[in-house]
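Encoded as structure tokens, the structure appears first; notes follow it.
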Amino acid sequence: MAGDAARGSGEGVTSATATRVMRAACRAAGLDDRDTELIRLGENALFRLGSVPVIVRIARSVEYLSAARKEVAVSRWLAGEGFPAARVIEDLEQPLVVDGHPVTFWHLIVDAGRAATYGELGAVLRDLHALALPDGLELPRYSALGLCTATHTPTTTAGARYVRRSRTSCQRPSLMIAGH
């Protein structure tokens, strides 16, 4: 099952390991793991439970425990604000750690049947950025343009000017956006 290993990590998670961890986590949480489907194996392993509309998310290693805790805290904050976002199962202590893997439980999000419009997405982002972070929750700063890099050599003078202008604008501190 080495082919099942999550790529890009020192210690990949195989489908067999993820399944064993999911079953142990479900037992610890009092959830039925019968008829469970592995829906993703990558950065995390994601399982859809067959008995209840729940997603079980398993991180690669205990190194991701702080990230899992932050995800749970953000989910609970946004739920308290009534913000439309993924929700953790509230009546469970989360995250669990099973065999060195942080495990979280989420409500299944059912596909609404249509993609959101750009206007709807913009309104959701505006509402998100209008929220005040609660005390004790710190999120990293995010630079929307910080990932700008020129990966191709411009073939025209106009292209070269655009790349220089883009590099300059991507480095301006005024373009930094506080993360929340």
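The figures that follow rest on heavy atoms only: side chains count, while hydrogens, waters and symmetry mates do not.
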Next on the checklist: When you compare the side chains of Thr104 and Trp106, does any donor N or O come within less than 3.5 Å of an acceptor on the partner?
Outcome noted: yes
Checklist entry - Could you go step by step and tell me if Glu71 and Arg57 meet the salt bridge (Lys or Arg N to Asp or Glu O under 4.0 Å) rule? => result CA-CA 11 Å; Glu71 291 162 358; Arg57 185 174 184 219; 2.5 Å; yes
Checklist outcome for this item: Per side chain to side chain contact (heavy atoms under 4.5 Å, CB included), Phe47 is matched among Asp33, Val21, Ile55, Thr36 by Thr36
Item to check | Between CZ on residue Arg23 and CG on residue Leu31, distance to nearest 0.5 Å | outcome: 14.0 Å
Checklist entry - Could you state the interatomic distance from CD1 (Ile89) to OG (Ser75), rounded to the nearest 0.5 Å? => result 9.0 Å
Checklist outcome for this item: Taking every heavy atom of Gly82 against every heavy atom of Arg87, the minimum-distance pair comes out as C-NH2, 4.0 Å
Checklist entry - Hey, quick one: are Leu139 and Leu128 part of the same hydrophobic cluster, counting side-chain heavy atoms closer than 4.5 Å, chains of contacts allowed? => result yes
Next on the checklist: Would you say Leu96 ends up clustered with Leu65 if hydrophobic residues are merged whenever their side chains have heavy atoms under 4.5 Å apart, either directly or through other cluster members?
Outcome noted: no
Checklist entry - Quick one: do Val124 and Leu133 end up in the same hydrophobic cluster if we chain Ile, Leu, Val, Met, Phe, Trp and Tyr together by side-chain heavy atoms under 4.5 Å apart? => result yes
Next on the checklist: Pair Leu108, Val54 - check side chain to side chain contact (heavy atoms under 4.5 Å, CB included), show working.
Outcome noted: CA-CA 5 Å; Leu108 175 66; Val54 170; over 6 Å; no
Checklist entry - Judged by atom type as modelled, is there a donor-acceptor pair below 3.5 Å linking the side chain of Gln94 to the main-chain atoms of Val103? => result no
Checklist entry - Hey, does His107 have a side-chain heavy atom less than 4.5 Å from the side chain of Pro53? => result no
Item to check | Backbone N/O of Ser15 and side chain of Thr19: donor-acceptor pair under 3.5 Å | outcome: yes
Next on the checklist: To the closest 0.5 Å, what do you measure between CZ (Arg60) and NE2 (His101)?
Outcome noted: 11.0 Å
Checklist entry - Between the side chain of Lys70 and the main-chain N/O of Glu138, is any donor-acceptor distance below 3.5 Å? => result yes
Checklist outcome for this item: When every non-hydrogen atom of Ile58 is compared with those of Ala18, the smallest separation belongs to CD1-O, 3.3 Å
Next on the checklist: Please determine whether side chain to side chain contact (heavy atoms under 4.5 Å, CB included) holds for the pair Val74 and Leu137, giving the CA-CA distance in whole Å, both sets of side-chain angles, and the decisive distance to 0.1 Å.
Outcome noted: CA-CA 8 Å; Val74 168; Leu137 180 61; 4.0 Å; yes
Item to check | Separation of Leu49 CG from Cys26 SG (nearest 0.5 Å) | outcome: 4.5 Å
Item to check | Minimum heavy-atom distance between Phe105 and Ala25, given as atom pair plus value | outcome: CZ-O, 3.7 Å
Checklist entry - If every non-hydrogen atom of Leu41 is compared with every non-hydrogen atom of Ala45, which pair is closest and at what distance? => result CD1-CB, 3.8 Å
Item to check | Leu78 side, atom CG; Arg76 side, atom CZ - distance, nearest 0.5 Å | outcome: 12.5 Å
Next on the checklist: Between Tyr64 and Asn44, is the side chain to side chain contact (heavy atoms under 4.5 Å, CB included) condition met? List the steps.
Outcome noted: CA-CA 10 Å; Tyr64 294 90; Asn44 298 287; over 6 Å; no
Next on the checklist: Just so I know, are the side chains of Ser51 and Asp35 near enough to count as touching, which here means a heavy-atom distance under 4.5 Å?
Outcome noted: no
Checklist entry - Arg114: what forms a side-chain contact (heavy atoms from CB on, under 4.5 Å) with it, not counting sequence neighbours? => result Thr117, Glu120
Item to check | Spacing of CE belonging to Met22 relative to CG belonging to Leu46, to within rounding of 0.5 Å | outcome: 12.0 Å
Item to check | Side-chain heavy-atom pair Asp32, Val52 within 4.5 angstrom cut-off | outcome: no
